[in-house]
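The structure appears right after this line, and notes come after that.
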Number of protein chains: 2
Amino acid sequence: MDIVYILKALADENRIRILNLLKNRELCVCDIEAVLGIKQSNTSRHLNKLKVAGIIVSVKKSQWVYYQLNDSTFQKFPFLSIIIGYEVEKINVCKDDLVLLEKLKASDRCCE
Amino acid sequence: MDIVYILKALADENRIRILNLLKNRELCVCDIEAVLGIKQSNTSRHLNKLKVAGIIVSVKKSQWVYYQLNDSTFQKFPFLSIIIGYEVEKINVCKDDLVLLEKLKASDRCCE
DNA sequence: ATATTATATGAGTATAATTGCATATACTCA
DNA sequence: TGAGTATATGCAATTATACTCATATAATAT
């Protein structure tokens, strides 16, 4: 059951927060690490779990690895769009994360 | 995050199979146990996890406890209906389970 | 070349989830 | 009342997950 792996990947607060951040843009590991306030290695492992489940994909650009939502999986499983496009908007932490991400990106402190 | 508890409850093959069986009817523990081929105590615990997450409710009728989907939770989280009403139809085990359940119910071997 | 930055991963630990067995509780029926 | 059935739960074993620290790898910049 593919869907069980997808659900397992979704069933974690940090990973929901990550998918919320990736909703409309691609981000590198250090962006996500900074917003969530978790360790780099932990961030990398969460991203890997989402990637193995097929929910996100990664592209390496010079020293950074950019992660983004995997469109084809979102098309194959419409419930994903409902969770990431609608449910997360109800969650306070996720709203705060988006504000924090804007600040971070504006400040140019991360990546560059 | 309520949604994480719901997703954790969904992220298990046996529990997806259970929700598939409950889609259009209420069932008692022994019905589910028989179709899934798992132990009674295990069945009871899976049902409890779904119940604690608010996905199903239970009603006691004489010696049986009947479980059914919790309509209000399905209304609150529309993605649940997509998973249980549409995604499970693609899963072979789930299709087989429905056939098995019909046979079981026709044979009157389970419960009374 | 060397130092720096970004990312991934091995190893160890802590915590949580799943399962089975045995047993407790509750209800039914003779 | 006593036997049988349905369900829940305490306990123990096993397995899976999440997390941290330290280190490896790869790219960049000086």
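Letters A, B, ... mirror the listed sequences (proteins, then strands); counts begin at 1.
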Within 45° of the six-membered ring axis of A/F77 and under 6.0 Å from that ring's centre, is NZ or CZ of B/K90 located there?
yes

Record whether the side chain of A/S41 comes under 3.5 Å of the base of D/dC19 through a donor-acceptor pair of N or O atoms.
no

Which nucleotide in the list D/dT17, D/dA27, D/dA6 gets nearest to the side chain of A/K49?
D/dT17

A/S62 has a side chain; which of C/dT19, C/dA17, D/dA27 sits nearest to it?
D/dA27

Below 4.0 angstrom from OP1 or OP2 of [N], is there any side-chain N or O of [X]?
X     : N      : answer
A/K39 : D/dC21 : yes
B/Y67 : D/dA8  : yes
A/N42 : D/dA18 : no
A/H46 : D/dC19 : yes
A/K8  : C/dA17 : no

Can you tell me the pairing partner of C/dC29 across any strand shown, Watson-Crick or G-U wobble, with both distances under 3.5 angstrom?
D/dG2

Which is true for B/N48 with a 4.0 Å heavy-atom rule: it touches a base, it touches only sugar-phosphate, or it touches nothing?
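B/N48: no heavy atom of the nucleic acid under 4.0 Å.
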
Measure [atom1]/[X] against [atom2]/[N] and give the value in whole Å, please.
X     : N      : atom1 : atom2 : answer
A/L47 : C/dT9  : CG    : C1'   : 14 Å
A/L10 : D/dT17 : CG    : C1'   : 16 Å
A/L50 : D/dT17 : CG    : C1'   : 14 Å
A/E33 : D/dA18 : CD    : P     : 18 Å
A/Q63 : C/dT4  : CD    : C1'   : 10 Å
A/D12 : C/dT15 : CG    : P     : 17 Å
A/K51 : C/dT9  : NZ    : C1'   : 13 Å
A/I18 : D/dA18 : CD1   : P     : 11 Å

Measure across B/N14 and B/H46 and return the closest heavy-atom pair with its distance rounded to 0.1 Å.
ND2-NE2, 3.7 Å

Where each residue is assigned the nucleotide of DNA chain D containing its nearest heavy atom, which of B/V29 and B/R45 is assigned the position nearer the 5′ end?
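This one resolves to B/V29.
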
Ion pair [X]/[Y], N-O distance below 4.0 Å:
X      : Y     : value
A/K8   : B/E13 : no
A/K105 : A/D31 : yes
A/K23  : A/E87 : no

Per nearest nucleotide of DNA chain C, the residue lying toward the 5' end, B/K61 or B/Q40, is B/Q40

